Amino acid sequence: MPVSFDRNGVETAAIHDLVNFTGKKVLEVGCGDGRLTWGYARTADEVVGLDVNEKKIKAAVAGCPQELRPKVRFKAADISGFHPGDESFDIAILSYSL
């Protein structure tokens, strides 16, 4: 099944209609190459993106806009193997992850 891209910003707009990311700490499960991450990370306080595909994580790191690098981290991991320690999150997003 081909992956669809949010070329018209519909998916990003729908997410923003549901959630206010301003000042929030976000966990994105299934972040892939960051295709949705950039749409909300500008207003979030901090973002941790997880994906099991190491190649996609490398693409996300490489494609991360310079101004977002201080607050966006990517990790190649499955959610079941992710141990945030004392970290907590205000919002969790799952995209193409189920």
Side-chain angles (χ1 to χ4, degrees):
M1 170 186 250
V3 175
S4 64
F5 294 95
D6 191 21
R7 296 187 203 290
N8 297 319
V10 175
E11 190 172 12
T12 300
I15 290 170
H16 280 280
D17 284 347
L18 296 170
V19 180
N20 179 357
F21 292 95
T22 305
K24 304 294 186 194
K25 190 169 179 184
V26 182
L27 174 64
E28 184 178 354
V29 179
C31 65
D33 62 2
R35 69 180 189 82
L36 288 179
T37 312
W38 322 135
Y40 68 81
R42 283 172 173 64
T43 58
D45 190 47
E46 187 177 341
V47 176
V48 175
L50 302 179
D51 201 285
V52 295
N53 187 320
E54 207 166 314
K55 186 175 178 181
K56 288 185 178 185
I57 288 295
K58 287 179 181 179
V61 170
C64 186
Q66 192 65 39
E67 68 274 12
L68 297 179
R69 290 177 187 252
K71 62 179 178 176
V72 177
R73 292 182 288 140
F74 292 101
K75 184 173 179 105
D78 184 288
I79 188 63
S80 64
F82 175 64
H83 302 287
D86 291 337
E87 273 189 294
S88 63
F89 299 91
D90 301 302
I91 299 167
I93 297 176
L94 287 83
S95 178
Y96 298 100
S97 299
L98 300 176

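These numbers come from a predicted model, not from an experiment. Any value given below was found using the heavy atoms of this structure, including those in side chains, with hydrogens, waters and symmetry copies removed.
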Problem - Working for side chain to side chain contact (heavy atoms under 4.5 Å, CB included), residues V47 and F74 - result: CA-CA 8 Å; V47 176; F74 292 101; 6.0 Å; no
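Every residue meeting the side-chain hydrogen bond (donor to acceptor under 3.5 Å, both in side chains) condition with T22, not counting sequence neighbours, appears here in chain and number order: N20. Not counting sequence neighbours, the partners of A77 by the side-chain contact (heavy atoms from CB on, under 4.5 Å) test are L50, K75. Every residue two or more places apart in sequence or in another chain that forms a salt bridge (charged side-chain N to carboxylate O under 4.0 Å, His left out) with R42 is listed here: E67. The side-chain contact (heavy atoms from CB on, under 4.5 Å) check on P70 picks up nothing, with sequence neighbours excluded. Y40 is linked by a ring-ring contact (aromatic ring centres under 6.0 Å, His included) to F21, counting only residues two or more places apart in sequence or in another chain. With sequence neighbours excluded, no residue forms a salt bridge (charged side-chain N to carboxylate O under 4.0 Å, His left out) with E54.
Taking CD1 of I93 as the start and SG of C31 as the end, the distance is 10.5 Å to the nearest 0.5 Å. The CD atom of E28 sits 11.5 Å away from the CD1 atom of I91 when rounded to the nearest 0.5 Å. Rounding to the nearest 0.5 angstrom, the gap separating the CD atom in E87 from the NZ atom in K25 is 3.5 Å. The structure places CG of L68 at 14.5 Å from CZ of R73, a figure rounded to the nearest 0.5 Å.
Cluster membership for V29 and F89, using ILVMFWY side-chain heavy atoms within less than 4.5 angstrom, is shared. Note: the hydrophobic cluster containing V61 also contains V26 (ILVMFWY, side chain heavy atoms under 4.5 Å, direct or indirect links). Taken together through direct or relayed side-chain contacts under 4.5 Å among Ile, Leu, Val, Met, Phe, Trp and Tyr, V52 and L94 form parts of separate hydrophobic clusters.
A60 and W38 get closest at one heavy-atom pair: O-CH2, 3.5 Å. Contact record, I57 with G49: CD1-O, 4.2 Å, taken as the closest heavy-atom pair. The two residues G32 and D51 come nearest to each other via the heavy atoms N-OD2, 2.7 Å. The shortest heavy-atom contact between D90 and G23 is OD2-O, 4.4 Å.
For the pair K24 and E46, the salt-bridge criterion is not met [side-chain N within less than 4.0 Å of a carboxylate O].
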